[in-house]
Amino acid sequence: MTELNRDIVKKYGLNAGASVVGIVACKDFSLAPDGFKPSDNLDGCRSVIVLGVPFPQEALTSMSNVEYTALRNAILTKMTDIAKIVAKQITKQSGYRAKAISASGGKYVDGKHYGTISLKHAAELAGLGVITRNDLLTSPKYGNLLWFSAVLTDADLIPDEKVPYNICVNCNKCVEICPSGALNNPALFGNKECGKFFVVENKKVLIKCFLCRKICPYRFGE
Ligand code: B12
């Protein structure tokens, strides 16, 4: 068994294919709803390792809805695989418990599909960026192009610092362009409204809108 620390964990993530890796202490999730705290999903959880990979910029500039959706599906599968690799390595090399968190889903509550934890909040707490007015995690380096997965572990790892400033200037362009009205209430994102643009065609989900991503002046970072 080898010692486990933040540098080793970050190396695992980068070697598995992540472009960014951030660490949060589980206690920082106190504001997450019950059932969505890391400790609700792994007994004795101490740290969350957040893994991110960006879309290429072309996803927002020149891809059709079909191409965008196909790339999104591929990247979500890749993100989940990266989390599984990191979780396996942690347990194998150090003996700590580790649980991979899927990039695309987790559980059903009252018939609705939810993630295991909120990966946007995890990424913000892990210092990978800030949640901006379009309700997306926006990174100083990669803008809103990042996709995430995570690993929960009972290892106590030194966490990262949050980004100490807000990138969003509240230009409101995302609110004005959103065809569903999902962004109208700054305190409550309209999941149901936004979800209407995820449509089933030929037995497959097609994402028909990503204007809140595309319109943001910080879509590609600062
Ligand atoms: C389900 C889902 C959706 C559904 C939601 C409706 C539904 N339930 O069916 C819909 C269809 C709306 C959707 C849309 C999109 N999604 Co989506 N989605 C998810 C998914 C898989 C789960 C979200 C979830 O259940 N979170 C858990 C619940 C409890 O969190 P919540 O509702 O956000 O939480 C609220 C409160 O409970 C509280 N809260 C919850 N946890 C915490 C924790 C802390 C510390 C605090 C303070 C508060 C807090 O704050 C929130 C506001 O009230 C996540 C992956 C994930 N696991 O996070 C991706 C995810 C959020 N989606 C993502 C993306 C990219 C999109 C789209 C852009 C896709 C597109 N159109 O191209 C749009 C974006 C819309 C937008 N502007 O935000 C990315 C975001 C990446 C980024 N850079 O921000 C994620 C993280 C996927 C990923 N693996 O990267 N999505």
Side-chain angles (χ1 to χ4, degrees), residues 18 20 24-41 48 50-55 59-60 63 65 67-80 82-83 100-126 128-139 141-150 152 162 167-168 174-175 177-199 205-216 218-219 221:
V20 289
V24 201
C26 286
K27 60 178 171 49
D28 291 349
F29 277 81
S30 56
L31 293 175
D34 284 345
F36 294 92
K37 293 182 175 54
S39 51
D40 297 328
N41 293 284
V48 181
V50 187
L51 306 149
V53 167
F55 251 173
L60 301 189
M63 282 192 187
N65 292 344
E67 290 166 328
Y68 176 96
T69 307
L71 190 58
R72 171 256 193 190
N73 293 344
I75 210 163
L76 289 181
T77 304
K78 177 177 168 180
M79 293 313 308
T80 303
I82 292 173
I101 299 298
S102 152
S104 58
K107 54 189 169 193
Y108 284 84
V109 180
D110 297 333
K112 283 191 196 151
H113 179 218
Y114 289 97
T116 311
I117 59 167
S118 170
L119 290 171
K120 282 187 279 198
H121 289 91
E124 184 174 65
L125 293 168
L128 298 181
V130 289
I131 298 175
T132 41
R133 183 65 181 86
N134 56 9
D135 212 37
L136 292 170
L137 189 286
T138 303
S139 132
K141 185 166 175 195
Y142 294 106
N144 64 41
L145 296 171
L146 286 171
W147 295 89
F148 301 104
S149 61
L152 312 183
K162 282 176 77 175
I167 294 164
C168 185
C174 53
V175 182
I177 204 164
C178 173
S180 77
L183 293 166
N184 288 351
N185 179 351
L188 187 67
F189 181 76
N191 282 339
K192 204 168 142 202
E193 289 76 13
C194 178
K196 287 180 189 150
F197 286 79
F198 284 57
V199 297
V205 172
L206 178 66
I207 298 179
K208 289 208 147 176
C209 180
F210 43 92
L211 288 170
C212 60
R213 258 187 152 166
K214 206 170 172 172
I215 195 82
C216 180
Y218 298 103
R219 61 195 174 281

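Atoms within each ligand, like the ligands themselves, are counted from 1 in listed order.
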Verdict with supporting geometry, Asn191 and Glu193, side chain to side chain contact (heavy atoms under 4.5 Å, CB included): CA-CA 6 Å; Asn191 282 339; Glu193 289 76 13; over 6 Å; no

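For Ala83, the side-chain contact (heavy atoms from CB on, under 4.5 Å) criterion is met by Leu51, Ala100, Ser149, Val151, not counting sequence neighbours. Scanning for side-chain contact (heavy atoms from CB on, under 4.5 Å) contacts around Ser104 gives Leu76, Ser102, with sequence neighbours left out. Looking at residues two or more places apart in sequence or on another chain, you find no salt bridge (charged side-chain N to carboxylate O under 4.0 Å, His left out) involving Asp110.
For the pair Lys107 and Phe36, the cation-pi test (distance below 6.0 Å, angle within 45°) is passed.
Considering Leu60, Ile167, Leu137 as possible partners of Asn144, the one that fulfils the side chain to side chain contact (heavy atoms under 4.5 Å, CB included) test is Leu60.
Among protein residues, Leu31, Ala32, Pro33, Phe36, Tyr68, Leu76, Ala103, Ser104, His113, Tyr114, Gly115, Ile117, Ser118, Leu119, Lys120, His121, Leu125, Asn134, Asp135, Leu136, Leu137, Asn144, Leu146, Trp147, Phe148, Phe189, Asn191, Cys194, Gly195, Phe198, Ile207, Cys209, Phe210, Cys212, Arg213 come within 4.0 Å of ligand 1, judged on heavy atoms.
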